[in-house]
Amino acid sequence: MAFENKYVQQRIEKAQLLKEAGFNPYSNDSQRNTTIEKYLNVNEDIENKENKRDENRHYIVSGRIKLLRIMGKASFVKIEDESGMLQVYVARDNLPQDFYNTIFKKHIEVGDIIEVEGYPFITGKGELSIHATALKLLTKAIAPLPEKFHGVTDKEIRYRKRYLDLIMNAEVRKTFQTRSKVISLTRRFFEDKGFLEVETPMMHPIPGGANAKPFVTHHNALSIDRYLRIAPELYLKRLIVGGFEAVFEINRNFRNEGMDATHNPEFTSIEFYWAYKTYKDLIEITKEYFQYLFEHLDLPSRLPYGELEVNFNNFMEIPLIESLTSVGGVPAEVTNDKEKIINFLKSKNITVKPKLNLGQLQGELFDEFVEEKLIDPTFITEYPVEISPLARRSDDNPAITERFELFIAGREIANAFSELNDPIDQYERFKGQVDAKDAGDDEAHEMDEDFIDALSYGMAPTAGQGIGIDRLVMLLTNEHSIRDVLLFPAMKPISNEKEEEEK
RNA sequence: GUCUUGUUAGCUCAGCUGGUAGAGCACGUCACUUUUAAUGAUGUGGCCGAUGGUUCGAAUCCAUCACAGGACACCA
């Protein structure tokens, strides 16, 4: 099946002919001495030179051929390296005997990676280019590139063959460069604040730290199952018990659940834990973090996102119950009464699951009427305790927790709270989860006795926060599908029926 | 999981109420020494996602399946 395509055949033939003519189609002898970006910068002054050229300057650049215009005895070639695109002027009479006609015109084509030796000059149409005095093939591409104008737009091809997407779409490369910067800046921000980066297990004996279905794998040496982690939380808190006072981890979590525009089975988050602090300190450091990102990524504080414009100068803070009325338009007298909420939801044609408690119903109201309206960054605080099983209760009001979620552009970006550090309370909450699990909730939390043990030794009062890096990058790059910020998003394998038959 | 829209040449796409396929780019050949998606001439290229059905006849109609996009549900 491989290489049977006729265009591929043609190119394989060309590679063979090159080999026979003494030119290695996969040469390992690159002499590149500058990047395209540097070449273009350094030679900006050529404009002022006589004849707009300088034959005394000498450069060797490399790149993939993206465009090829052959015009008889001279040609224009656009080559691209990671730093940019450069036009190469190739003229028959400036190259070794016969090279232009027998090698260049016949066997070098779009997609190939070449190396060009030459000097800078500006063409009649005003484009700074390189005038080739020698040209060498570095790598023969035997597969043809997609069309030069439309490129590749088919999402399936773009995700399955990300390399092609990256070759063809410069803006895709840009998105992933931004992603890389976000992670690097995040690391630097927390390190500068005195946080210690740590690595905790990715394979857990007991999945914990979130309510989600885990992936299961098997460890042969111990004959036990392991779970790919759904969150690092419980291990990071063990480190706070151990005496580290500020830790963070940036890494992958795995959840065995559905996939859509905002969910991939493996996703990246940062979680950080900060001893002797509360969620109020987290609000401050979160604002600072965004300021730091915007400054270093050179983003406008009024950030466009799709149809929206998000004003990052306008961080707001609203208690959840208050937001139901002030943002969601739910009458104030409804928001603290179970029956009234149920009737209100029913009057809006929203089906309500039976047996929800007040906190859960308030959560429903929030999801239905508030979340999507929170465009500018908004910290929603004072979550009901019923929907915040890992958060510390407020000392002033035991019905609510010291917690916030940060919403931007109608989407949850971060979740944070002052941590529960009472081992007995934690034990009781785990037990409640185990009961729920026995009652059929397969996403309920497992009992983790070692974690209870850890808390028993005493964990300093601590605040902790998680930020979804993928969704953050989506926001900062104006992308609307998580697949567009993951280099290799999860895809179903293609089952090739013909291949099966052949076996 | 449900609904919905796609799947035609290497790529981007046409193809009406059924009569066994078309363009542009790419590729081959020819011309052309300053082009900018170069141009002009000419040619090659397809199991129309898969399987079954209806029909004298299916890219087109129907069913099932596969994969993808979108929406909804689930994921506190």
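What you see below is based on every heavy atom in this structure, not just the backbone, and it leaves out hydrogens, waters and symmetry mates. Proteins get letters first, then strands, A, B, ... in listed order; numbering begins at 1 in each.
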If you look at every strand shown and take non-hydrogen atoms under 4.0 Å, does A/Lys125 touch a base, only sugar-phosphate, or nothing? base
Under-3.5 Å donor-acceptor pair between A/Tyr89 side chain and B/U35 base: no
Residue A/Thr123, side-chain atoms from C-beta onward, closest of B/G69, B/U34, B/U12: B/U34
Report which part of the nucleic acid A/Arg483 touches: base, sugar-phosphate, or nothing (heavy-atom distance under 4.0 Å, all strands). sugar-phosphate
By the rule that syn is within 90° of 0, classify the base conformation of B/U51 as syn or anti. anti
Could you check whether A/Met168 gets within reach of a base, just the sugar-phosphate, or nothing at all, counting any heavy atom under 4.0 Å? nothing
Both A/Lys73 and A/Tyr159 contact RNA chain B. Which one's nearest nucleotide lies toward the 5' end? A/Lys73
Does the pair A/Arg229/A/Glu249 count as a salt bridge with the N-to-O cut at 4.0 Å? yes
Check: B/U35 base within 3.5 Å donor-acceptor of A/Gln87 side chain: yes
Taking atom types as they are modelled, is there a donor-acceptor pair under 3.5 Å from the base of B/C11 to the side chain of A/His150? no
Sugar-phosphate, base or nothing in reach of A/Lys148, heavy atoms under 4.0 Å: sugar-phosphate
Round to the nearest Å and state the distance from A/Gln10 atom CD to B/A9 atom P. 18 Å
Residues in residues 356-371 of chain A with a heavy atom under 4.0 Å of RNA chain B, by number, are none
Atom CZ of A/Arg411 and atom P of B/C75 are separated, to the nearest Å, by 18 Å
